[in-house]
Amino acid sequence: MSNTVDHIDPRLPKDIAEASQWQLMWRKFKKHKLALISLYFVGFLYVIAAFAEFFQPFDPEVTSRRDVFHPPQAIKFLDRTEDGTRFRPHVLGTTLSRDPETLATSYEINADEKIYISILGKTKPYKLAGFIPMSRRIIAPTKQGERFYLFGGDRLGRDMLSRTIAGTRISMSIGLVGVAMSLFLGTLIGGMAGYLGGWIDSVSTRAIELILSMPTIPIWLGLSATIPADIDPLMRYFAITVILSLIGWTELARVVRGRFLALRTEDFVTAARLDGARPRRVVFRHIMPSLMSHIIASVSLAIPAMILAETSLSFLGLGLLPPSISWGVLLKEAQNIRSIAQAPWLFTPGVFVLFAVLALNFLGDGLRDAADPYAQDLG
Amino acid sequence: MYAYILRRIAWSIPFLFAASFLAFTIIQSPPGDYVESYAAKLEADGRQVDEARLRSLRDRFGLDEPFLAQYWKWISGIAKGDFGLSFQWQQPVSELIGDRMILSVILATSTLLFTWAIALPIGIYSAVKQYSWGDYFFSIIGFIGLATPNFLVALILMYVGVVHFGTNVTGLFSAEYVNASWSWDKFVDLVKHLIIPVVIIGTSATASLIRIMRANLLDELYKPYVTTARAKGLSEFKTIMKYPVRIALNPFASTIAWVFPQIISGSTVVAVVLSLPTVDPLMLDALLTQDMYLAGAFILLLSVMSIIGMIVSDIVLAMIDPRIRYR
């Protein structure tokens with residue numbers, strides 16, 4: 001291997017000449033500022049998703065009859081009292097009034113009542129991720145039993161902030177699980193088609209073409225309509241991811257097949273085969289590593305598509321169903337014009353969808369550029 | 001050319017079969033069969049269940065026969081225009097579909113035309129004026145258009161319409177035209193109502209087409225033949241439109257193949273939100289109530305529509321690019 005270094009342009013700095021493929025990719029990726037910011041943002045969302053209970057000020061299922069469609073409250077950080085000004089985050093209380101004729105409710109700010117918020121405050125004990133017992137949340141009302149609504153309340157007075165955070169867990173993870181399944185199917189079928197060629201290739205290419213020519217949402221809807229309605233929420237979650245990936249694998253299979261076809265005739269693959277390596281070794285030791293970067297880029301572009309698909313399905317009432325909370329389930333509440341005219345803050349999960357999908361797209365773009373060894377600038 | 005078109009149409013026949021097979025599998029998947037649910041529904045309504053009628057229905061759809069035989073009965077019935085019965089509506093499916101299908105076709109085609117009409121000039125502009133303010137502007141709009149689920153755009157427009165302008169953006173006809181027979185005024189009214197759904201459904205497809213056109217044209221724009229054309233004194237407009245744009249159009253035309261299914265797919269959600277009188281809200285309703293013959297017919301028709309869209313786009317592609325038709 002020592003003479004490979006001689007072929008590299010001697011004008012390049014030494015550390016580039018010796019950097020591994022992953023280091024080169026990272027170096028190039030870092031230059032793409034938007035992608036880097038997106039990486040941090042996506043990471044942030046996944047941290048929230050992983051520790052959702054800790055970030056929720058309240059239990060997302062707890063209803064409050066007095067706070068139906070409660071408007072969002074702004075946090076005030078400085079507390080001015082007779083004793084002077086102190087740092088003490090709080091929101092101003094509200095009083096509910098009902099128009100005697102139209103029965104429309106409205107909330108008026110009541111500056112005398114203050115609901116104090118403590119950071120890492122104690123609440124009712126809960127289980128983080130279902131098994132770690134905890135009793136503190138990142139923000140919580142100082143006095144237990146009080147409620148505040150940073151993102152507003154929904155039609156049952158449930159806290160939208162807590163619900164959006166709970167939705168982050170399911171929506172962001174359904175993208176990952178669904179893509180993992182599509183990736184498995186995609187690399188399996190695409191890899192076989194590309195490596196073996198022949199009739200397997202023609203059949204799978206036709207199948208992919210067929211699936212791509214179908215309108216996906218009607219078919220997704222049709223398939224999810226066949227899931228029994230009374231099934232356990234967790235099973236439904238998996239059923240939906242399977243349905244999404246039944247169609248989602250096609251794009252990945254196309255990418256993998258194309259790369260396999262290109263790599264199959266490369267010198268190093270031929271050399272491996274002539275050395276007597278068995279097909280499995282050729283595929284996993286020689287071809288797969290040079291595919292990895294492409295696969296990662298395609299995967300990061302497939303996740304947002306999955307998230308959008310789940311959101312649309314749940315929005316139409318054929319995806320996840322309450323009591324599961326996903327962004328799509330939450331947006332279903334904003335489906336009729338009466339609720340959104342009264343409570344425009346029901347759109348907040350939509351804002352999250354928008355930013356998550358944007359960030360994942362930028363991240364995918366950055367990864368794809370970084371993974372392409374033939375892209376313009378060097379390191 | 002005709003040989004190519006014929007070959008292309010022949011090629012799509014197995015696709016049509018596969019689509020119908022898929023639709024039928026979806027019809028068959030829920031537990032129980034159609035007549036059982038029909039009988040249960042009649043009983044639930046407290047009506048007399050007529051055994052003889054049930055028997056004739058069982059025979060008609062061959063429910064006691066194996067899957068493939070049932071499929072054959074269904075598909076040959078469709079060939080004769082018999083799509084089965086909707087047990088929720090107590091009507092033959094074909095009667096329910098008619099008008100709605102026409103509106104769906106109108107909606108999808110006008111969205112496709114809109115997508116093209118917008119994406120083409122903007123794509124060319126963005127490539128020619130790369131990194132200009134306009135290019136950045138359209139890139140940002142494009143990325144947001146791709147990232148927003150289109151039902152969200154529909155909801156927001158509905159919200160803005162109701163809260164700020166006091167108008168209702170839903171439906172495809174004004175109240176006075178819903179049941180009116182077709183006339184010029186009704187047509188004008190339809191066109192007015194079409195604008196919003198078309199823009200909403202078209203956004204994401206337009207955004208991706210702009211990216212594709214821009215990238216394709218950028219590949220061509222700096223090739224020597226363009227410089228030659230310019231050096232020979234051709235006007236800038238003619239230079240670009242006559243040579244690189246024509247070449248960049250080829251990959252562009254081949255993308256309509258998947259844009260059309262994407263449009264049909266996207267219109268489903270938007271049509272439900274905006275309660276358009278297309279097939280989509282009825283299909284969703286049928287799926288939610290497991291009215292499977294109705295739902296299956298819709299899924300089949302929408303798939304057939306996508307496949308026809310693909311054929312059309314392949315033919316368009318062959319018209320632009322002689323290499324394809326002579327292969």
Side-chain angles (χ1 to χ4, degrees), chain A residues 34 206-207 209-229 247 250-251 304-305 307-313 315-318 327-328 331-332 334-342 344 346-347 349-351 353-362 365, chain B residues 12 14-15 18-19 22-23 25-31 108 143-144 146-152 155-156 158-159 161-163 168 170 204 257-258 260-269 272-273 279-280 283-284 286-290 292 295-296 298-299 301-303 305-307 309-310:
Chain A
L34 203 52
R206 292 289 154 254
E209 225 170 78
L210 170 70
I211 295 178
L212 284 179
S213 72
M214 295 280 177
T216 42
I217 290 188
I219 290 176
W220 273 327
L221 289 175
L223 291 174
S224 14
T226 63
I227 308 174
I247 293 175
T250 47
E251 277 300 325
I307 294 177
L308 282 182
E310 181 275 322
T311 310
S312 303
L313 281 192
F315 176 78
L316 290 177
L318 278 165
W327 290 335
L331 282 171
K332 193 175 183 344
Q335 205 176 39
N336 62 60
I337 196 72
R338 274 216 353 264
S339 351
I340 49 176
Q342 195 184 358
L346 292 178
F347 281 134
V351 178
V353 174
L354 174 65
F355 279 102
V357 171
L358 264 183
L360 280 161
N361 273 325
F362 287 138
D365 269 348
Chain B
S12 59
F15 272 45
L22 184 75
T25 318
I26 290 174
I27 293 179
Q28 286 282 311
S29 324
F143 269 118
I144 294 177
L146 274 179
T148 328
N150 42 26
F151 67 85
L152 199 65
L155 279 175
I156 291 171
M158 234 161 82
Y159 173 74
V162 168
V163 174
N168 195 351
T170 56
S204 66
W258 53 260
F260 202 66
Q262 194 186 335
I263 286 173
I264 291 175
S265 190
S267 64
T268 303
V269 193
V272 170
V273 175
V279 295
D280 311 281
M283 176 179 75
L284 181 70
L287 283 169
L288 286 169
T289 51
Q290 298 214 326
M292 292 323 270
F298 283 141
I299 291 176
L301 286 176
L302 290 180
S303 307
M305 212 159 111
S306 306
I307 292 172
M310 271 185 97

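Here is the naming used below: chain letters follow the sequence lines, and residue numbers restart at 1 for every chain.
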- The interface call for B:I263 against chain A, heavy-atom contacts under 4.5 Å, is neither
- Task: Name the member of A:N361, A:V353, A:L318, A:L360 that forms the most heavy-atom pairs with chain B at distances under 4.5 Å.
- Result: A:L318
- Message: Would you compute the distance between atom CG of B:L155 and atom CZ of A:F347 and round it to the nearest 0.5 angstrom?
- Response: 5.0 Å
- Heavy-atom proximity to chain B below 4.5 Å, by part of A:F355: neither
- Message: Quick check on B:A295 against chain A: is it the side chain, the backbone, both or neither that has a heavy atom closer than 4.5 Å?
- Response: neither
- Would you mind telling me which of B:I299, B:L284, B:I307, B:V272 has the largest number of heavy-atom pairs within less than 4.5 Å of chain A? B:L284
- Message: On a heavy-atom basis, which atom in A:R206 and which in B:F15 lie closest, and how many Å separate them?
- Response: O-CZ, 4.1 Å
- Work out which heavy atom in B:S303 is nearest to a heavy atom in A:P215; give both atom names and the distance. CA-CD, 3.7 Å
- Okay, side chain of B:T148, backbone of A:L354: is any donor-acceptor separation there less than 3.5 Å? no
- Item | Inter-residue atom distance A:L308.CG - B:S204.OG, 0.5 Å rounding | 9.0 Å
- Query: Where does A:P218 contact chain B at under 4.5 Å (heavy atoms): side chain, backbone, both or neither?
  - Reply: both
- Task: Using side chain to side chain donor-acceptor pair (under 3.5 Å) as the criterion, list what pairs up with B:T268, not counting sequence neighbours.
- Result: B:D280
- Should the ring pair B:F151 and A:F315 be called parallel, tilted or perpendicular, given that the plane angle runs from 0 to 90° and is split at 30 and 60? parallel
- Under a 4.5 Å heavy-atom cut-off, does chain B meet the side chain of A:L358, its backbone, both or neither? both
- With respect to chain B, which residue among A:P344, A:P304, A:A356 yields the maximal number of heavy-atom pairs within a distance under 4.5 Å? A:P344
